[in-house]
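Within every chain, numbering begins at 1; the chains are lettered A, B, ... in the order of the sequence lines, protein sequences first and strands thereafter.
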Amino acid sequence: MAELRYIDAINQAHHEEFARDERVVILGEDVGRKGGVFGATAGLLEKYGEGRVIDAPLAESSIAGVAIGMAANGLRPIAEFQFADFIHPAFNQIVSEAARLRYRSNNAFGCPVVFRAPWGGSHGTALYHSQSIEAFYAHVPGLKVVAPSTPADAKGLLKAAVRDPDPVLFLEHKRMYRLVKGEVPDGDHLVPIGPSVVRRPGRDLSLFAYGWMLHEALQAAATVSAEGIDVEVVDVRTLAPLDRETVLRSVAKTNRALIVYEDNRFGGYGAELAALIAEEAFYDLDAPVIRLAGPDVPGIPFAKPLEEWFSIDRTKIAEAIRRLAAL
Amino acid sequence: MAELRYIDAINQAHHEEFARDERVVILGEDVGRKGGVFGATAGLLEKYGEGRVIDAPLAESSIAGVAIGMAANGLRPIAEFQFADFIHPAFNQIVSEAARLRYRSNNAFGCPVVFRAPWGGSHGTALYHSQSIEAFYAHVPGLKVVAPSTPADAKGLLKAAVRDPDPVLFLEHKRMYRLVKGEVPDGDHLVPIGPSVVRRPGRDLSLFAYGWMLHEALQAAATVSAEGIDVEVVDVRTLAPLDRETVLRSVAKTNRALIVYEDNRFGGYGAELAALIAEEAFYDLDAPVIRLAGPDVPGIPFAKPLEEWFSIDRTKIAEAIRRLAAL
Amino acid sequence: MGAMEAKATTTAARHRQLGLSDQDVLEMYYYIALARGLDERMWALQRAGKAMFVISGPGHEGCQVAAMWPMDRARDWFVPFYRSIAACLVKGMTPTDILLGLFARATDPSSGGRQMPGHYGHPRVKILSTSSPVGTQYPHAVGIAYAAKLRQTGEVTMTAIGDGGTSQGDVHEAMNWAGIYRLPVLFVVENNGYAISVPLHKQVAGGSIAARAAGYGFPGVVADGSDVLECYRVAKEAYNRAKRGEGPTLLEFTVPRLGSHSSDDQQERYRTKDEIEADRARDPLRVFGAYLEGIGLLTAQRRAEIAARVRREIDEATDAAERAPDPEPASAARYVFFEEG
Amino acid sequence: MGAMEAKATTTAARHRQLGLSDQDVLEMYYYIALARGLDERMWALQRAGKAMFVISGPGHEGCQVAAMWPMDRARDWFVPFYRSIAACLVKGMTPTDILLGLFARATDPSSGGRQMPGHYGHPRVKILSTSSPVGTQYPHAVGIAYAAKLRQTGEVTMTAIGDGGTSQGDVHEAMNWAGIYRLPVLFVVENNGYAISVPLHKQVAGGSIAARAAGYGFPGVVADGSDVLECYRVAKEAYNRAKRGEGPTLLEFTVPRLGSHSSDDQQERYRTKDEIEADRARDPLRVFGAYLEGIGLLTAQRRAEIAARVRREIDEATDAAERAPDPEPASAARYVFFEEG
Ligand SMILES: Cc1ncc(C[n+]2csc(CCOP(=O)(O)OP(=O)(O)O)c2C)c(N)n1
Ligand SMILES: Cc1ncc(C[n+]2csc(CCOP(=O)(O)OP(=O)(O)O)c2C)c(N)n1
Ligand SMILES: [Mg+2]
Ligand SMILES: [Mg+2]
């Protein structure tokens, strides 16, 4: 057991998978000489050389498309998008190609590619360096989407993603890279893609979150527990395919559901969680399913007062908890 | 009042707007000489010439991006994507640019572009000529999304979209082009972007649908009414921004909600409707909010037996109505 | 003309100078005729209501057979587009494989009936599954070639697209990658002058697709798609360059489009009768046939033999494909993700 | 050297032969100095904790001022990228406009404090709002140019991007459009040899960006970005071509990157000291200053005057921008869609 920062856990996962399987390669902007703009790939070029650690041209569609071809010919590519905001040019390659290759070929071809993307809002990252993209991709059958919120999960899920026979979108919340530390089991630590996990058991209501929001949620839960509200916090660390059972079990226990996400509210990932609960757990519910999410404006503005207006934090979450608990 | 086919109503709207405002131009693959692969733009080239009716290169990202530039310099472009399935290469231009230009420039620049896309499943159109794309775009603040289901709405909403100061994604369900006929008011017929409409009043449950699904839903409602189930059918003809009031008013009246969409179920547009109802109309509900939608496979397969397995039709809808009415 | 003279002529014949045996060129002619025959059969079946949709490549067969000829059928990779019937046949797909796709049967090797006709793919003969979005295949071919180079497998990868497809950003991005890493990939462009109804001058700025290769630091060549031997010559050269590790080549083949874009299109609505007529003179089946006849290789008897063989194979393929079972409805739920078997 | 000789020299001077007055070149020098001064000020403010982020263009100013010089400041369009400070200043933005963006103030004309610094835009001087995704601006410039041609406004549109940006599909698609319709657009590429840490040889296959223009049927030229007059010469020629309706030109300016990519980057981690040092010799401020000094135009006194003016303007701009109000929190809800005012 070692305590690692989130970014170091991701870096370790890369090093271990590169050492384990020579078919593993990485392509992305600045992943080589610079080791990635956040350092996720630091040390790989020196160890594994330019053949496997590829400083790609500035063209995301080709980063995805070339990775798909590499996978078809025996490699296990990791495609890094420098920011999730810049995955958009690759939308067609990921949605039309990576997610559909196995299905359209009736299992003749697969697409074992990991698409990594630093995502979510941080301080001063504004419209184009802060986007939440999970709703776009969790909706795409054939694609798996994970969003680990702890260093241990980041390492374990990334290693599992690299070994997965299908395409996985791996979302790393920028805010956590250096801020979040945690114990990471030694050895070949794997976390299966799929299961959600209860981070904090509670009786009064179920709070569903992922990524950075999970940490804000845990803080809020601690705050309100002093007020006598006992919140169960569920970490939806795999967004697709979703672990429905864990979600429904928690609601069956607490009879109240609060869904927190920092993406724009309308049509965001939390809508699916709410819809699932409203259909499958309706008779368990004692109150409306509440969503707390970012406002429906095109992006997080840069200026501090505007950024704060937009951002979901422990204070806003605590208010929502009190509101739901009182219903 | 004239009876028109859906496709003819769209063609008329183009002709009228081209005649009304010389700033209106259209760019897309085969929109000129051929008049569009579905005939939506037939006759425009002959009347308005190559300057305003542009047979674009086969490059969707540039079709969107060039349209954005045209709009910035005084034109009112209509960008046609030959099939909604092929809008994906333009995802970045539409989401990062068109939808954000006004917000990011603090109202200094606008983006009055209409993005037209024939969408949805039809017979034998398979994985890449049948996609439902509304969930991706209805989630994007700054973008309006409409999906008319009648010739009158198709004409009125398209004309309204062309005159809108902001970007509008205009979804035309392929299945309706030649199949659906209807009365279209004469003259300068406009339908405002925003309001949903109750197509069939009913007491027992509310069914929400749009596009082709609305027609299947109306058929199903007719079937079950013979069995004594009185369904209210709401046409969500503007997907974003959503007319919440009409949705909530209907649920308040019937106390039951069924949401039908042909897109993949998980994270589809219907999830937002369900989430809205579960949060805002919870105390009105006598039963779970039910969604009937396409299975979560990467696309509609081509072979008839597979296509039928996937597709939502009046029979499956009638069954869902009976199920919900019995709860 | 007697057999003796024929032999005499062929020793000096163009194809011999290119290192092609008489056997080779007769086989090439057979593949062109087979692809054309399949093509006609598919349209006939569509008109008869037995197929929902046809998209094929009449006029494109010559350059496809020629470009595929130097490739190692078993070891090299092909990343096709919807017109690549002839190329796929040479690579190893059978007429039955093609028609199983037309009828969307469960045993269709391309997709098990899941995709529209014309979306070829075949793992055993290393033909990557085709999708519909134009242009996406170019980066895939580059990725395959990158893997081949990194793993030192010696595989060459060929991909194909139309003139319209070259406008896509993906094509630029792919050629840039291939140029940077000098990858063993052949970028084929089958230029038939139209993207559905959009003519070349509204599609390709500057008018030459081959000319773009220079901007990426590798050769681009144009060849007349009706001149099968010239297509072979440039393809063979490109193949050898790739084998020698000298990087990619862009091969632009100018071909006639001897029909409408697909069974959903009527080219008479945007092309003149004269233009459509004029294209017939460029039919590679005719032109190559005339060459073989001229040198006495394609005698009336041989022509009849080949025609009979083609008809027989297509008839057998049609029967086999028609008899094949439809996919089970519930099977549509399978293979969203990996499954054994 | 006395004023007389100075005058004598300048009549024969290069800039005169290009039709530039002494006044012109001194003003060009002033803009380069102003942009550089602003640049240094922004980094100082960032280090002092008064700004969160800086991205600027030290080394790029010469070609930017030169390329913008022939443009009609009021009537022509500019579609910038994040390094375009000098170009935006010449086009009509003020140092205060730039710093209001740095401090994200409510009165920032580019975005009202909504975007990160370096995302310029200004409706009055016809600078289109900049976003972050690299490459998207090229098709926008083409659309603006298409509208100008259709509406016969006579407007010329200039856009700019870096060497790395040319790898994007959008850049290919945009140049193809511009070539097909012979649009009045200038495609500027400011080639500083790096995309953050990725060097040109891993970015641009073939090594020449200008060479790609030939593939689209229009001229592509390279000019040394340190040679301000040469940059002006090629830009003026391109501008005139556009004005004459002869279509687009690709202008590649090779420039030094005299700093890290942005305040989030440390170039010492991927560039050698020698290389960074060597770049200083290519500083356009130095090189152009030396030229003006050599012909006696930039006397010690004039140099001091310009330096003082630049410092005064930047000090005033800094004060004005620092004093400007922050945006109101609730204002973040506005302008998702059109609103009056
Ligand atoms: C991304 C995308 N956009 C549009 C289409 C619709 N479409 C299919 S084929 C075609 C024309 C292709 O022309 P070209 O590349 O010249 O090939 P050809 O059919 O002429 O052989 C178009 C527009 C598509 N399949 N994919
Ligand atoms: C689509 C996209 N991908 C990645 C980035 C991140 N990014 C910002 S600038 C940059 C490098 C740009 O290099 P170049 O085009 O040469 O311009 P330079 O900064 O060198 O002037 C990158 C990768 C981005 N902004 N947009
Ligand atoms: Mg073509
Ligand atoms: Mg650069």
Side-chain angles (χ1 to χ4, degrees), chain B residues 22-23 25 27 49-52 54-77 79 89-90 92-113 140-144 164-168 193 240-241, chain D residues 77 79 106-115 119 121-124 126-133 135-151 153 155 157 159 168-170 172-178 180-181 185 327 331-332 334-341:
Chain B
E22 67 172 18
R23 297 172 307 165
V25 301
L27 58 163
E50 295 190 328
R52 291 177 63 190
I54 305 158
D55 271 319
L58 209 178
E60 286 74 12
S61 186
S62 65
I63 288 171
V66 169
I68 291 165
M70 289 171 158
N73 199 15
L75 297 180
R76 288 304 192 110
N92 188 43
Q93 282 287 354
I94 295 170
V95 172
S96 300
E97 301 297 330
R100 288 162 177 253
L101 183 55
R102 183 180 301 281
Y103 190 79
R104 79 175 185 231
S105 68
N106 206 32
N107 211 30
F109 292 95
C111 187
V113 176
V140 177
L143 187 65
K144 299 178 182 181
D164 198 278
D166 292 301
V168 179
I193 294 173
Chain D
W77 276 93
V79 184
T107 48
D108 156 35
S110 297
S111 77
R114 290 176 171 198
Q115 292 214 81
H119 290 59
H122 202 302
R124 192 175 42 69
K126 295 169 78 169
I127 297 173
L128 186 66
S129 161
T130 308
S131 66
S132 299
T136 52
Q137 70 271 35
Y138 259 47
H140 300 166
V142 167
I144 291 172
Y146 188 98
K149 185 169 184 174
L150 180 66
R151 296 171 52 212
T153 62
E155 298 157 308
T157 302
T159 187
Q168 288 285 3
D170 272 6
H172 160 68
E173 297 184 12
M175 296 205 286
N176 190 40
W177 267 86
I180 290 168
Y181 292 100
V185 56
S331 72
R334 302 197 63 189
Y335 309 130
V336 175
F337 294 116
F338 175 80
E339 296 175 29
E340 296 299 342

ask   = Does the distance from a Lys or Arg side-chain N to an Asp or Glu carboxylate O, for B:E22 and D:R151, drop under 4.0 Å?
value = no
Relative to chain D, which segment of [X] carries a heavy atom at a distance below 4.5 Å: side chain, backbone, both, or neither?
X	result
B:L27	side chain
B:N106	both
B:A71	neither

Most heavy-atom pairs under 4.5 angstrom with chain B, which of [options]?
options	result
D:S129, D:P327, D:A147	D:S129
D:D170, D:T157, D:N176, D:I180	D:D170
D:G135, D:S132, D:G169, D:S110	D:S110
D:P123, D:G121, D:A174	D:P123

ask   = Below 4.5 Å, heavy atoms only, C-beta onward: do D:W177 and D:V185 meet side chain to side chain?
value = no
key: Any B:R76 side-chain heavy atom under 4.5 Å of B:P112 side chain   = yes
Separation of [Y] [atom2] from [X] [atom1] (nearest 0.5 Å):
X	Y	atom1	atom2	answer
D:E339	B:D166	CD	CG	9.5 Å
B:S62	B:Q93	OG	CD	8.5 Å
B:M70	B:I54	CE	CD1	3.5 Å
D:D108	D:H119	CG	NE2	11.5 Å
B:I63	B:L58	CD1	CG	7.5 Å
D:F338	B:R102	CZ	CZ	6.0 Å

Do you know which of [options] has the most heavy-atom pairs with chain D at a distance under 4.5 angstrom?
options	value
B:P165, B:P57, B:A108	B:P57
B:K144, B:R23, B:R52	B:K144
B:S105, B:P241, B:S96	B:S105

Checking heavy atoms, do the side chain of [X], its backbone, both or neither come under 4.5 Å from chain B?
X	answer
D:H122	backbone
D:A141	neither
D:L128	both
D:T130	backbone
D:T136	both

ask   = When the ring planes of D:Y181 and D:Y146 are compared, do they come out parallel, tilted or perpendicular, using 30° and 60° as the limits?
value = perpendicular
